[in-house]
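Throughout, protein chains are lettered first and strands after them, A, B, ... in sequence-line order, and every chain is numbered starting at 1. Only heavy atoms go into these numbers, but all of them, side chains included; no hydrogens, no water, no symmetry mates.
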Amino acid sequence: MNRIFIMLAVAVVITGCATTAVKTDYGQYLLTLFKTEFTSKGPATVDRILNRDDVQKMCSEYPLERTEEMAESIQKSQMATVKYPADGQYLGDWKNGEKIAQNGRGLQSSDPIGGVNGGNCYACHNITKSEISYGNIGPSLYNYMKVHGSNDQVVKYTWAKIYNPQAFTACSNMPRFGHNGILDEKQIKDVMALLLDPASPVNQ
Amino acid sequence: MNQSRRDVLRITSILGLGLAGGLFSSLNVFGAEWMPKSFEAKNLADALKELGVDKYTMSSDVSVVSAEIAENGAVVPISIASAIPHTEYMAILVEKNPSPLSVAFNIPEGTDAAITTRVKMGGTSNVYAVVKADGKWFAASKEIKVTLGGCGG
Amino acid sequence: MKPFVVFIFTIFLINIAPYAIAGNSSTDEIAKYRELLEDGNPAELWEMRGEELWKKKIAPKNVSLEQCDLGKGPGVVKGAYVELPRYFKDVNKVMDLEQRLVYCRTTIQGLSHEQAVSTPFGSAGHPSDIEPLVAYITSESKGMKMAVSIKQPLEKDAYEIGKKFFFYRAGSHDFSCATCHSSDKKRIRLQELPNLLNKVDAQKAYSTWPAYRVSQGEVRSMQNRLSDCLRQQRFPEPIYTSDAITALIMFLAKNAEGGVYDAPAIKR
Amino acid sequence: MADPMRIRAVLNGDNVEVKILIRHDMETGLRKDPAGQLVPPHFIKTLTAKYEDRLVLDAVMGISVSKDPFLSFKFKGGAKGGKLTVTWIDNLGDTRTDTAIIS
């Protein structure tokens, strides 16, 4: 371990004198540390942090702001990933959707491989009146139908937004639930019902 | 070597007996004994009955002070107090816990009938302070919400 | 004109009031909960045990940690933590407190590396020696200002690597540290999230770790705190005393510069 | 075996204000360890506080008192320099006694 930091230090000194590419090099050093110091555990593999897709790379490199061209190219590529339900049915069971919205587990190093993943929607969104413990990283979804309506366009938009939020907002903080396989098609339908079923507490 | 070790053991065990005997007898004289039936009662009514509370009056002279929301149910700070003269006994009960009785205090003369401690709560529940003064029972309660916190994992 | 404006304003108030009040009173009650906890912090019990462990002679060399150099000279504990992580000449490396403790336990006390890093994070029935030591050492910096240096080139490197780490998005959920910690006044559930790029927030957050976590019933160190963040970020597991984590600690410590240190604290 | 308590006893006007922190796991007997086995109950059952020879608090505890228990109370009639002695006993017979000088 000691040796790595010393090696890195030497590399920094050399490249620092010779070139201006120091900034990108720190990223390389970080990758070296990930390779040598991190171990796969449960569903959380080292591969997962070493091999990132273009969106993750770009959003890491430009975390706080990025050009309009970049944003548009990300949104375009991500829109192309959205898979709509094959049977044309968008709404499942809102009660199960509520459970998914409450559940913050899944895909952590402490979770079992192949377990049921949650959506953890309440971590970031106000959703129902009865749950007072909600976050504010995302907008309130309470009264979703009243605010957005429920026509076909809204339904398709909502599906795509859950499936891959970066189709609309490049580098969004929201996970790409469908695209990254966090929630399966049935689970997304259930979360859709939580937002768009008139009987759901979201719309009461 | 063996002999001395045995001596040490003997001394320890005598001391142990003496200590335990002394301590427990002094507890019997001065203090409360642990009451298995009260602590093991599975609901509020049974726990109160086992404590010997046949009837009680809700009183504004008794208070339960805490935050209305607990970030974590494992540690919920609770202060109970009684302004009723001659308060001699106080207990904290968490209605929805599997065993409601949490802790009870004998209040000797000269000690304030006001105690702060921390209890575990399995979920949102009413928390009761039950006190005995001049042989009569009084109570107060407060609802404390236990929320899910953090990142959820 | 005027009555109309008032009318609109009233409607606006009526509409938003119930939610605004609900949100505020919840966070107020959480603030009250935290205030009540501060009345008695079990971390003091860890500090007491840590001081004992610091001074205790242990096998194989039968020496205590009292000759350990935490950066301010052998045996100087007072004020050591607010200058960590730092560059140590004897190893030509940047170390945080926990790396340095492991180093002292192996070189001074003669423990094997495995012994020195065993049970870094305690649990009921399996107490850690490291967490009490960390509690004791950090408590000796109470009231002092955070003052890490990034003047030495390796310190600067650690800071820059830590910064890269902070913004590094990866894994199944695309999370980075920045996802939750780069804007003001955000909450996850009811927990306020410090914006670690904002000096005031960064100072407040950094100066209150390590902490006794009521959810775990243990004093948790900075290495533990960040490992737990990474777990919830869906990252794989770092080894204990990882240089990557030290780099991240360096970035956070520098952002908290000038903050008055006030830990071990008590937290959810 | 048990770790020492942290006891603070401060005279403030007529009252001695006492704060006690105890290192104890307070196992409920309902918790499972990572291997899925129930962890047996281990909790403090009784606690007494004495000012010199006078009993000033006497508590009985159940499994729902929090881990690392905290108690705070006040009593009258104590003097600076006097001794406050706290003793607890748990369900396995472990016990610990510590003394603080009133300041």
Quick one: does D:D25's side chain have a donor or acceptor within less than 3.5 Å of a partner on C:G125's backbone? yes
Are side-chain heavy atoms of D:F70 and C:N41 found at a separation under 4.5 Å?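 Not touching, per the 4.5 Å side-chain cut-off.
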At a heavy-atom separation under 4.5 Å, does D:M5 approach chain C through its side chain, its backbone, both, or neither? backbone
Let me know if D:P4 has heavy atoms under 4.5 Å from chain C in its side chain, its backbone, both or neither.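 Contact with chain C is through both the backbone and side chain of D:P4.
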What closest approach, in Å, do C:A124 and D:R31 show between heavy atoms, and which atom pair accounts for it?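 Distance-wise, the nearest heavy atoms are CB-NH2, 3.6 Å.
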Is there a side chain to side chain contact (heavy atoms under 4.5 Å, CB included) between C:E218 and D:K67 once you walk through the steps? CA-CA 10 Å; C:E218 302 283 342; D:K67 182 177 188 291; 3.9 Å; yes
How about [X]: does its [atom1] atom have over 12 heavy atoms from other parts shown lying under 6.0 Å from it?
| X | atom1 | answer |
| --- | --- | --- |
| C:K142 | NZ | yes |
| D:D14 | CG | no |
| C:K32 | NZ | yes |
| C:K61 | NZ | yes |

With respect to C:L45, which candidate in D:L21, D:D3, D:I22 satisfies the side-chain contact (heavy atoms from CB on, under 4.5 Å) definition? D:L21
Working to the nearest 0.5 Å, report the span between CZ of C:R49 and CZ of D:R23.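 So the gap between those two atoms works out to 8.0 Å.
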Full working for side chain to side chain contact (heavy atoms under 4.5 Å, CB included) between C:E44 and D:K19: CA-CA 12 Å; C:E44 288 182 25; D:K19 288 182 184 182; over 6 Å; no
